[in-house]
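Notes follow the structure.
Since the model is a prediction, treat every value here as computed from it, not as a measurement.
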Amino acid sequence: EGKQKLVINVPGAMFVEAEGPDGALVKYEVSASGTDDPNPEVNCDPKSGSLFALGGSTVKCTAKDRFGATAEDSFEVTVMDTIAPMILKVSASPNALTPVEGQFVDVTISVDAKDSVDAMPRCAVADVTSKEAIDGDWFVAKDLLVQLRAEGDGRIYTVNVRCSDTHDNFSSSSVDVRVGAGAGALSGSPTTTAPPSKRRAGGQ
């Protein structure tokens, strides 16, 4: 009778956020019921509390009672990375000054960003905006090097930066840069003040 009643109870599919580049420690509960044996033996591989790598893994479980009845089942564990990099600071530094109106100056953008899974999130200038019309007045020379045209006593450009990780999660932030035709008119604010926007994998 005990052989026919043994049932193994496993959880449904589990989705777990990665804790680091190696994945996540995942705990789960599996039990056996329906038998006259009060303490049936239950074993799973990988065991509860094991380190699960990023991606999908199958946990296979078996149960056995003292009457010789057995049962087996399995479930899936998926370790995901859906958290965007955290942008801690954005700053701008000029490496050229120009007293001539209309000339372009190079501005280097520095970004301090961290991510729990990707040790080196990639950051780059996404675009440049201003309260004035600036078509043709800015160019992205490299990922974090932008060229801005000097205008009048000083035009304020907002340099928008995007940082992404290996799983396409990204955050955005910005820094204001003032570029003018007078000496010393170029300066970058030390940090961004607007909270960064975040998106999960898949662009949602």
Polar contact flag, side-chain donor to acceptor under 3.5 angstrom, [X]-[Y]:
{"X": "Glu17", "Y": "Thr82", "answer": "yes"}
{"X": "Asp176", "Y": "Thr158", "answer": "yes"}
{"X": "Ser164", "Y": "Asn169", "answer": "no"}

Which atom pair, heavy atoms only, marks the closest approach of [X] to [Y]?
{"X": "Glu29", "Y": "Pro11", "result": "O-CD, 3.5 Å"}
{"X": "Pro21", "Y": "Ser116", "result": "CD-O, 3.5 Å"}
{"X": "Val128", "Y": "Val125", "result": "CG2-CG1, 4.4 Å"}

### Task
Determine, step by step, whether Ile87 and Val111 satisfy the side-chain contact (heavy atoms from CB on, under 4.5 Å) criterion, reporting the C-alpha distance in whole Å, the side-chain angles of both residues, the deciding distance to 0.1 Å, and the verdict.
CA-CA 7 Å; Ile87 299 177; Val111 184; 4.1 Å; yes
### Message
Checking the side chain of Asp118 only, and the main-chain atoms of Thr166 only, is there a donor and an acceptor separated by less than 3.5 Å?
### Response
yes
### Heavy-atom donor-acceptor pair, Asn160 side chain to Ala126 backbone, under 3.5 Å
no
### Query
Run the side-chain contact (heavy atoms from CB on, under 4.5 Å) check on Val105 and Val179 step by step: do they pass?
CA-CA 8 Å; Val105 294; Val179 184; 3.7 Å; yes
### Message
For a 4.5 angstrom cut-off between non-hydrogen side-chain atoms, does Trp138 reach Arg149?
### Response
no
### Message
Is any side-chain heavy atom of Phe67 closer than 4.5 Å to one of Asp36?
### Response
yes
### Connected hydrophobic set around Phe52, excluding itself, where side chains approach under 4.5 Å
Ile8, Val10, Met14, Val16, Val26, Tyr28, Val30, Val42, Leu54, Val59, Phe75, Val77, Val79, Val117
### Query
After noting the C-alpha distance and the side-chain angles of Ser91 and Ile109, does the key distance pass the side-chain contact (heavy atoms from CB on, under 4.5 Å) rule?
CA-CA 6 Å; Ser91 60; Ile109 307 300; over 6 Å; no
### Task
With sequence neighbours excluded, tell me which residues meet side-chain contact (heavy atoms from CB on, under 4.5 Å) with Lys60.
Thr58, Ser74
### Query
Listed by chain and number, what are the side-chain contact (heavy atoms from CB on, under 4.5 Å) partners of Arg155, not counting sequence neighbours?
Ser130, Glu132, Ile134, Asp137, Glu151, Tyr157
### Task
Would you check, one step at a time, whether the test salt bridge (Lys or Arg N to Asp or Glu O under 4.0 Å) holds for Arg122 with Asp143?
CA-CA 9 Å; Arg122 181 179 178 273; Asp143 282 352; 2.9 Å; yes
### Stepwise side-chain contact (heavy atoms from CB on, under 4.5 Å) test for Leu145 and Asp106
CA-CA 7 Å; Leu145 177 64; Asp106 290 343; 3.9 Å; yes
